[in-house]
Amino acid sequence: MSKSIAPHGKHTRIPTLAEYDRLYRESIEDPRSFWGKQGERVTWFHPFHSVLDIDTEEVDFSWYQGGRLNVSFNCVDRHAAERPNKTAILWAGNEPGEYKHITYRELKHQVARLANVLKAKGVQKGDRVCIYLPMIPEAAYAMLACARIGAVHSVVFAGFSAESLRDRIIDAGCKVVITANEAPRGPKKVALKHIVDVAVDGLKVVESVLVARRTSTDVPMTVGRDTFLDEEMSRQRSTCPVEWMASEDPLFILYTSGSTGKPKGVLHTTAGYLIYTAMTHDLVFDLRPDDIHFCTADVGWVTGHSYIVYGPLCNGATSVMFESVPNYPDSGRIWSVVDDTKATILYTAPTALRALRRAGDDFVKKHSRKSLRLLGTVGEPIDPETWQWYHDVVGEQRCDIVDTWWQTETGGVLISPLAGVTPMKPGSATRPFFGVKPLLVDEAGAPIEWKQGTAIQGNLCLASAWPGQARTIWGDHRRFRETYFSKFPNLYFTGDGSTRDEDGDWWITGRVDDVLNVSGHRIGTAELESALAQNDAVAESAVVGYPHDLKGQGIYAYVVVKPEFKDQNADQIIGALKETVRHVIGPIATPDRITLVSGLPKTRSGKVMRRILRKVAHGQFTELGDITTLADPGVVEEIIAAAKKG
Ligand code: WT7
C-alpha cells in the first residue's frame, strides 16, 4: 500500500542562485531539451515525440505533440494509488471551525461520480461546462471531472452578475451549468441559483443545470433542466475511466478583461499547462512533501485554477480551499485558518494584506502562525511598506516572500523569486522563471537594452514561448493574435509596464493599457463604459483608474448625462449608475467615484484624451499637458471644478 509520502510529481531542489543561473541559461539556450525533461513531471499514457512546434505565421504553439495524458489522472489517480489517505483538499468553510478533509481516495471517488453525472447528461469530450460555484469542494470535483472526460470547463467567478454569466455561457456554448442553491460569503448569502435562472433564461444551449446544496434553503427547480448534484452523484458509480487526451486538447476557458470589447475566453490546453503549473508550484514555493498550501484566491480566477487545484494536486500536495472572506467574522480570520490547518505556505493578494494591516497587528498576533514557512503575493504590485509588514509582522522575519508576477494568459508564474534561492527585494518580482525571456520595449517597439548598473523602463514583453501560455481566445484566434502578438511583432505583449533595475531585477509597475487592476481584479475600462451606457441617463462616459489606498486602483467614471436628466438630483443619478454597473458586471466593478460632467475632453477627431482624465482623477489639476488639440478646451476647467466638488 502506501509506501512513500513524497509527492508523486518530480521534485527539483534548486540549491543556489548559481544553480538557478545555470539552469536558466540552459532553459533559454536549449528550450526543447529543457522542457522535454520537464515532461517527466507527469504520467503519460502515450509519450510525446516533439517538445515544441511553433507556427509563427499563425501564432500557433504546440507543446508535447504526440503525447496522450489526462489531467485528472495526474492530479488524482496517481496520488490516490500511492497515498490514498493523504488530504488532497482541506476545506475551510464560511463559518470559523468548519473544516473538511478530502483525501486523495475520496477525491477520486467524488470526481468519478461527478464525471459520470456529466456523462449521463450527455456531456462528451470537447463539450463545454460552466462552473458557477462558491468555494466548496464540488468546484474542484467539477473541474477535475471535466478534465477526466475531456470536457472543457469555464469557471465563472460567483461574484459576477447574471448578465456577465450569460455572456460567458453563450460565448463558450456551455451545455451544462453547475451551480449551488446559494453561497454563504461572510455574513451574506448570494443567491447563486437565482442568478443562474436569470442567466440561462431562454438559452437553448444549456440543457442541464446541476445544483449543489450548500445550504438548506429551497430554490425553485425547472423540471427537465435542473437537478440536485448530490442526488445525481449518489446514483453514480465511484469509478470512471479517464479519457486519454492529446497534449494540445483544450483543458479550460477562463474569461478575462481586455482593453477593448467584452471579456475574452482565454484557452489553456492539457499537457503544457499542467506541466507548467506543477513545475512553478514546485520550484517557486520550494515545495516540501508535508506542505499545506493555502492560497486564498477563488477558483473563479486563474490563481485558483493553477495554485489551488491543478499545480498543488498534480504535485500531490494538500491544498487549502477557503470559502469565506479575510474579515469574517473579524480581521484575524486568515491567521486562524493558518493555525487550524497548519498551513506552511500562504499565497494571497496585496489588497488583502493592505486591509489586514490597516485592521491592526493585534489580529495577527492573537494567532500563532508558527506553521508558516513561506509567504507569497500575486495579482498586483505590492508596495514596499506592505511587503515589510508581511515579512516582519506576519512572517516574523522567518519566512521568505515570493512576489509572483503572471497573468490569466500565462497560465502560471513567470517572474518571481524562487523561495530560499533568489535574494528578495521588497516590491520587486525579481527574476524570470526558467524558459521565460522578459524584454522591455519602447513605444515604437524597439528593445531597450539593459546594462549592469543602469535601470531601464518600458513595456513588458516576452520573447520566448513557455508551456503554460494561452493558445488562443475561444472562437477568436484573430483577436488573440491582435491582442498579444501584433503591437510588438514577434513578441508577446503583456499589457504591463516594468522597470529593470541596476541589478537586473524586474519591478512590474502595472497596466499600461486601458485595463484596471482593482483589488487584484482585472476590469476593462471599455467594459465599464458599456455597462454605464445601459443606464438611461447616460449619454456617454469615460472610465479611468486612480491610486486607491486599499484597492490599489479605484474606478473613476466621468459621465455625461442626457439633457432630459440634467435637472435630476446628482446623488440619485450617481447611486443609480453604481447600481447599474453592479447589475451588469458585478459588485467588484462598482465605480468608486463618479463625476457628472457636461462633456468629455475630446480631440477634434473625437478621441477622448484619457491622459487628462487620469491626471484629474489622480488629483492633479495643473500641468495637464497640451490641451490645444481639444475640440473644446473649456471642458477641462469644468471637469476640474466638478472633480474638486466631489
Ligand atoms: C495582471 C494580470 C496572476 C494571477 C492573478 C491576476 C497584475 C499580477 C502581479 C505582481 C505586479 C501583478 C499585472 C498583470 N499582476 N501579479 N506580482 N506584481 N502586478 O491575473 O487577472 O490575469 O491579471 O495582474 O498587471 O498583467 P489577471
Side-chain angles (χ1 to χ4, degrees), residues 155-157 159-160 252-259 263-268 273 276-277 280-281 284 295-311 347-354 375-384 386-387 390 401-417 422 424-433 436 438 459-462 468-470 473 483-484 492-500 505-525 527 545 551-553 588-589:
V155 182
V156 177
F157 173 58
F160 277 119
F252 66 83
I253 301 167
L254 184 56
Y255 287 84
T256 192
S257 297
S259 51
K264 38 190 190 250
V266 169
L267 183 84
H268 284 285
Y273 173 82
Y276 196 74
T277 52
T280 47
H281 178 251
V284 170
C295 166
T296 66
D298 190 286
V299 288
W301 313 111
V302 75
T303 309
H305 283 61
S306 299
Y307 300 111
I308 294 176
V309 180
Y310 292 119
Y347 190 34
T348 192
T351 196
L353 295 172
R354 285 191 295 266
L375 305 171
T377 74
V378 58
E380 45 178 331
I382 183 165
D383 49 288
T386 305
W387 191 100
Y390 200 22
I401 296 180
V402 289
D403 173 356
T404 64
W405 173 82
W406 57 296
Q407 312 178 301
T408 304
E409 295 89 340
T410 72
V413 174
L414 291 194
I415 303 182
S416 168
T422 318
M424 299 177 290
K425 268 186 198 174
S428 168
T430 72
R431 314 263 171 123
F433 192 73
V436 175
N459 297 303
L460 179 62
C461 292
L462 302 163
Q469 70 192 129
I473 289 171
T483 308
Y484 306 107
Y492 169 93
F493 176 45
T494 64
D496 280 325
S498 178
T499 298
R500 192 174 183 200
D505 286 314
W506 298 85
W507 302 68
I508 316 307
T509 45
R511 305 289 305 196
V512 292
D513 53 7
D514 290 320
V515 172
L516 307 183
N517 190 330
V518 181
S519 301
H521 301 316
R522 198 166 143 178
I523 305 169
T525 53
E527 235 179 299
K551 299 176 165 187
Q553 264 188 316
I588 57 169

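Numbering of ligands and ligand atoms starts at 1, following listing order.
- To the nearest 0.5 Å, the span separating CH2 on Trp406 from OG1 on Thr277 amounts to 9.0 Å.
- Taking the salt bridge (charged side-chain N to carboxylate O under 4.0 Å, His left out) definition, one finds that Asp514 meets it with Arg614, sequence neighbours left out.
- Looking at Pro381 and Ile508, their side chains never come closer than 4.5 Å, going by heavy atoms from C-beta outward.
- When heavy-atom distances to ligand 1 are checked against 4.0 Å, the residues falling inside are Val302, Thr303, Val378, Gly379, Glu380, Pro381, Asp403, Thr404, Trp405, Trp406, Gln407, Thr408, Asp496, Ile508, Arg511, Asn517, Arg522, ordered by chain and number.
- Taking a cutoff of 4.0 Å between a charged side-chain nitrogen and a carboxylate oxygen, Arg431 and Asp505 qualify as a salt bridge.
- No option in Val284, Thr303, Ile308 other than Thr303 meets the side-chain contact (heavy atoms from CB on, under 4.5 Å) test with Tyr347.
- The CH2 atom of Trp506 sits 11.5 Å away from the OG1 atom of Thr430 when rounded to the nearest 0.5 Å.
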